[in-house]
Amino acid sequence: MNKIICSDYNEVCAAAADIFAQQLSLKPSSVFGLATGSTPVGLYEELKRRCSARELDFSKAHAFNLDEYYPIEKNHPQSYKAFMDLHLFDEVKFESTQIPNGEAADPHIECARYDAAIEAAGGIDLQLLGIGINGHIGFNEPNTVYPVGSHLTELTESTLIANSRFFGEGEKQPETALTMGLGPIFNAKHILLLITGAAKAQVAKKLFDGKLYTDVPACFLLLHPNVTVILDKAASG
Ligand code: GLP
């Protein structure tokens, strides 16, 4: 696990954008695994800036997002589809983008379709991850048993509370989601995990104390041969 500590959030975003740029220069048709949440927003801003300055070009690249609430309408303002359009895809054009379909009639068929699409694209070259305060990646929540493939999952109370800030009063927050499983995430050739803010310091500590806590899903990343973790000072404690 390659660990980079940056002084602040902006530096984290610039360092992460550099890794995206390296990946694109190696392979313009790279397959990127993308994440939602507040953490990658600054990275997406930086990618948009570099694209409009013509320093980067994603037009041959492909994107697969980690997760989506279920059920949720695509045009719901809190859907991850709407989030990605707003923060990246409306401005940065990819050859193709995919997000698990929160409107699918059968979530299990949709998850199998999603895994097959990732495989057909040749797997993910660079997988971006944020982390939940409980250690979740994507929506792989702490558990004793982890489905390998993409699946429908129940969100834990901690995640519902953490993400409730995005939902307005009276707006129903979905309690289930579709998430890429640990299998497709771990098949990525390079994984880039961003951890920022003091609220993540406790979970970051668990990642670096030389033990694999099975109730902290991000700890399984310790077993992957090519992981880069970028933290700001606040998260690194
Ligand atoms: C959501 C997403 C995760 C993300 C997490 C952390 O639950 N499913 O992919 O990493 O939130 O979000 P934030 O970056 O806002 O702390």
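Atoms within a ligand are numbered from 1 in the order they appear, just like the ligands themselves.
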Q) Do the ring centers of Tyr146 and Phe220 come within less than 6.0 Å of each other? A) yes

Q | Lys233 atom NZ: more than 12 heavy-atom contacts under 6.0 Å | A | no

Enumerate the pairs of nitrogen or oxygen atoms, one from ligand 1 and one from the protein, separated by less than 3.5 angstrom; state names and distance to 0.1 Å.
unit_1, atom_1, unit_2, atom_2, d
ligand 1, 7 (O), His136, NE2, 2.9
ligand 1, 7 (O), Asn163, ND2, 3.2
ligand 1, 8 (N), Asp67, OD2, 2.7
ligand 1, 8 (N), Gly138, O, 3.2
ligand 1, 10 (O), Ile131, N, 3.3
ligand 1, 14 (O), Ser38, N, 3.3
ligand 1, 14 (O), Thr39, N, 3.0
ligand 1, 14 (O), Thr39, OG1, 2.5
ligand 1, 15 (O), Ser38, N, 2.7
ligand 1, 15 (O), Ser38, OG, 2.6
ligand 1, 15 (O), Arg165, NH2, 3.0
ligand 1, 16 (O), Lys200, NZ, 2.7

Q.
With a 6.0 Å cut-off on the ring centroids, do Phe32 and Phe20 count as close?
A. yes

Q: Establish, yes or no, whether the cationic atom of Lys93 lies under 6.0 Å from the six-membered ring centre of Phe58 and within 45° of the ring axis.
A: no

With a cut-off of 3.5 Å and sequence neighbours excluded, list every side-chain donor-acceptor pair involving residues 174-184.
unit_1, atom_1, unit_2, atom_2, d
Thr176, OG1, Tyr70, O, 2.5
Thr179, OG1, Phe139, N, 2.9

(Q) For Ile230, run the side chain to side chain contact (heavy atoms under 4.5 Å, CB included) check against Asp18, Ile19, Thr196 and tell me which one passes. (A) Ile19

